[in-house]
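We number each residue from 1, following the sequence as shown. Since the model is a prediction, treat every value here as computed from it, not as a measurement.
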Amino acid sequence: MRARGILFLILMGVYFAAARPGQAQAATVVTDLGVAYTFGQQITFRASVQSESPIEEVRVFFQSPEMPNALSGVARLDESGLAVYQHDLSTAAVRAFSEVAYWFAVTLEGGQVFTSERFSFLYQDNRFEWQTLT
């Protein structure tokens, strides 16, 4: 019985030690997300990133259903916390009228990574004024 108690205390110690990185992550916030694109040319992702810990890198990930893997790129981060990444669609195209999921991964000093929730947008051919029938 005493061995079970000791094992329980060890397991709880491991659990709480593993949970500590989440405390630093909770102080990292990604807000004011936006996407702008010119069909067939580029997609620009932006977000405001704030953290109590120094930020080493902000990476943007995005993926549409036809892509086997997510694409990513390192965003430029200015002093105000605005992160901007522009993807050149001539290097890796996105199929028209597909739903594109995107998210941000913020690497903090010390290697901790905070991943935002996923967002999405519909990648439409915006060269034309489309009309719809109902």
Checklist line | I43 and L89: CA distance, side-chain angles, deciding distance, side-chain contact (heavy atoms from CB on, under 4.5 Å) verdict | finding: CA-CA 7 Å; I43 301 175; L89 289 166; 3.8 Å; yes
Checklist line | Audit row: L33, F104, side-chain contact (heavy atoms from CB on, under 4.5 Å) steps and yes/no | finding: CA-CA 10 Å; L33 292 103; F104 291 80; 3.1 Å; yes
Notebook entry, point to check: Which residue pairs pass the salt bridge (charged side-chain N to carboxylate O under 4.0 Å, His left out) test with at least one member in residues 122-134, sequence neighbours excluded?
Noted result: D125-R127
Item checked: Separation between CD of Q50 and CG of D32, rounded to the nearest 0.5 Å -> 9.5 Å
Check: Would a 4.5 Å heavy-atom cut-off, applied to side chains only, mark F114 and V29 as touching?
Finding: no
Check: Sequence neighbours excluded, which residues qualify as side chain to side chain donor-acceptor pair (under 3.5 Å) partners of S90?
Finding: D88
Item checked: Partner residues of Q42 under the side-chain contact (heavy atoms from CB on, under 4.5 Å) criterion, sequence neighbours left out -> T38, T44, Q86
Item checked: Residue pairs passing the side chain to side chain donor-acceptor pair (under 3.5 Å) test where at least one lies in residues 95-106, sequence neighbours excluded -> E99-S120
Next item on the list: List in chain and number order the residues that pass salt bridge (charged side-chain N to carboxylate O under 4.0 Å, His left out) with R46, two or more places apart in sequence or in another chain; answer none if no residue qualifies.
Entry: none
Checklist line | Contacts of type salt bridge (charged side-chain N to carboxylate O under 4.0 Å, His left out), residue D78, not counting sequence neighbours | finding: none
Next item on the list: Following the transitive rule for hydrophobic clusters with a side-chain heavy-atom cut-off under 4.5 Å over Ile, Leu, Val, Met, Phe, Trp and Tyr, establish whether V35 and F119 coincide in one cluster.
Entry: yes
Check: Other than L82, which residues form its hydrophobic cluster under the rule that side-chain heavy atoms must be closer than 4.5 Å?
Finding: V84
Notebook entry, point to check: Which ring-ring contact (aromatic ring centres under 6.0 Å, His included) pairs, counting each pair once, include a residue from residues 64-87, with sequence neighbours left out?
Noted result: F62-H87
Check: In terms of ring plane angle, is the pair Y123 and Y37 parallel, tilted or perpendicular, where the classes change at 30° and 60°?
Finding: tilted
Next item on the list: Using the rule that two of Ile, Leu, Val, Met, Phe, Trp, Tyr join whenever any of their side-chain heavy atoms come within less than 4.5 Å, decide whether V58 and L108 are in one cluster.
Entry: yes
Margin query: How close do V113 and A105 get, counting heavy atoms only, and between which atoms?
Written below: CG1-CB, 4.2 Å
Checklist line | By side chain to side chain donor-acceptor pair (under 3.5 Å) - contacts of N126 (at least two apart) | finding: none
Checklist line | Distance in Å, S64 OG paired with L122 CG, rounded so as to fall on 0.5 Å steps | finding: 11.0 Å
Check: What pairs with N69 under side chain to side chain donor-acceptor pair (under 3.5 Å), at least two apart in sequence or on another chain?
Finding: none
Checklist line | Note, I55 side chain near V49 side chain (heavy atom, < 4.5 Å) | finding: yes
Next item on the list: Name all pairs fulfilling the salt bridge (charged side-chain N to carboxylate O under 4.0 Å, His left out) condition that reach into residues 49-76, sequence neighbours left out, sorted by first residue then second.
Entry: E57-R59
Next item on the list: Please name all residues satisfying side chain to side chain donor-acceptor pair (under 3.5 Å) with Q131, sequence neighbours left out, ordered by chain then number.
Entry: none
Notebook entry, point to check: Are F61 and L77 co-members of a hydrophobic cluster defined by side-chain heavy atoms under 4.5 Å apart?
Noted result: no
